[in-house]
Amino acid sequence: MQRYSKEFKAEALKLSDEIGIKKASTQLGVHYNTIADWRKLRKRRKKEEAAASDPETLAKIRQLEKENAELRQANEILKDALGFFAKDRKK
């Protein structure tokens with residue numbers, strides 16, 4: 001599997017935006033699907049960056065992370081209790 005530099009990918013994406021994926025892949029000697037995957041990844045990253053910059057989204061993420069930590073802690077307590085009661089039943 002061939003690795004491409006960030007600069008090459010950026011230029012390939014710019015070219016594919018201008019002339020299309022098929023022509024760019026032929027001109028650069030890169031598989032069509034490779035450039036298509038790079039474009040999908042770029043689109044996904046842009047969405048993630050946009051969501052991360054939104055204050056409401058950041059607040060929601062913090063709230064969900066806090067809730068997740070509380071639920072993990074509750075699960076650990078329940079596991080310990082289950083072990084305690086299971087040990088007590090064996091006697």
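For Asp37, there are no salt bridge (Lys or Arg N to Asp or Glu O under 4.0 Å) partners at least two apart in sequence or on another chain. Listed by chain and number, the residues in a salt bridge (Lys or Arg N to Asp or Glu O under 4.0 Å) with Glu76 are Lys79 (sequence neighbours excluded). Every residue two or more places apart in sequence or in another chain was checked for a salt bridge (Lys or Arg N to Asp or Glu O under 4.0 Å) with Lys43, and none qualifies.
Counting only residues at least two apart or in different chains, ring-ring contact (aromatic ring centres under 6.0 Å, His included) contacts with residues 22-45 comprise Tyr4-Trp38. Legend: salt bridge (Lys or Arg N to Asp or Glu O under 4.0 Å) pairs involving residues 59-69, not counting sequence neighbours: none detected.
In this structure, the side chains of Arg42 and Asp17 come closer than 4.5 Å at one or more pairs of heavy atoms. Side-chain contact between Ile19 and Gln27 is present, with at least one heavy-atom pair separated by less than 4.5 Å. You'll find the side chain of Glu48 reaches within 4.5 Å of the side chain of Arg44, heavy atoms only.
Annotation for Leu82: hydrophobic cluster partners, listed by chain and number, are none (ILVMFWY side-chain heavy atoms under 4.5 Å, direct or chained).
Although no hydrogens or angles enter the test, the distance criterion places no donor-acceptor pair under 3.5 Å between the side chain of Thr34 and the main chain of Val30.
Linking Ile, Leu, Val, Met, Phe, Trp and Tyr whenever their side-chain heavy atoms come within less than 4.5 Å leaves Leu13 and Leu41 in two separate clusters.
Here OG of Ser16 is found 13.0 Å from NZ of Lys9. Values are rounded to the nearest 0.5 Å. A distance of 12.5 Å separates CG in Asn68 from CD1 in Ile61, rounded to the nearest 0.5 Å. Atom CG of Leu28 and atom CD of Glu11 lie 9.5 Å apart (nearest 0.5 Å).
Atom CD of Gln73 has 12 or fewer neighbouring heavy atoms from other residues, nucleotides or ligands inside a 6.0 Å radius. No more than 12 heavy atoms of other residues, nucleotides or ligands lie within 6.0 Å of CD in Glu56, so this atom counts as exposed by the packing criterion.
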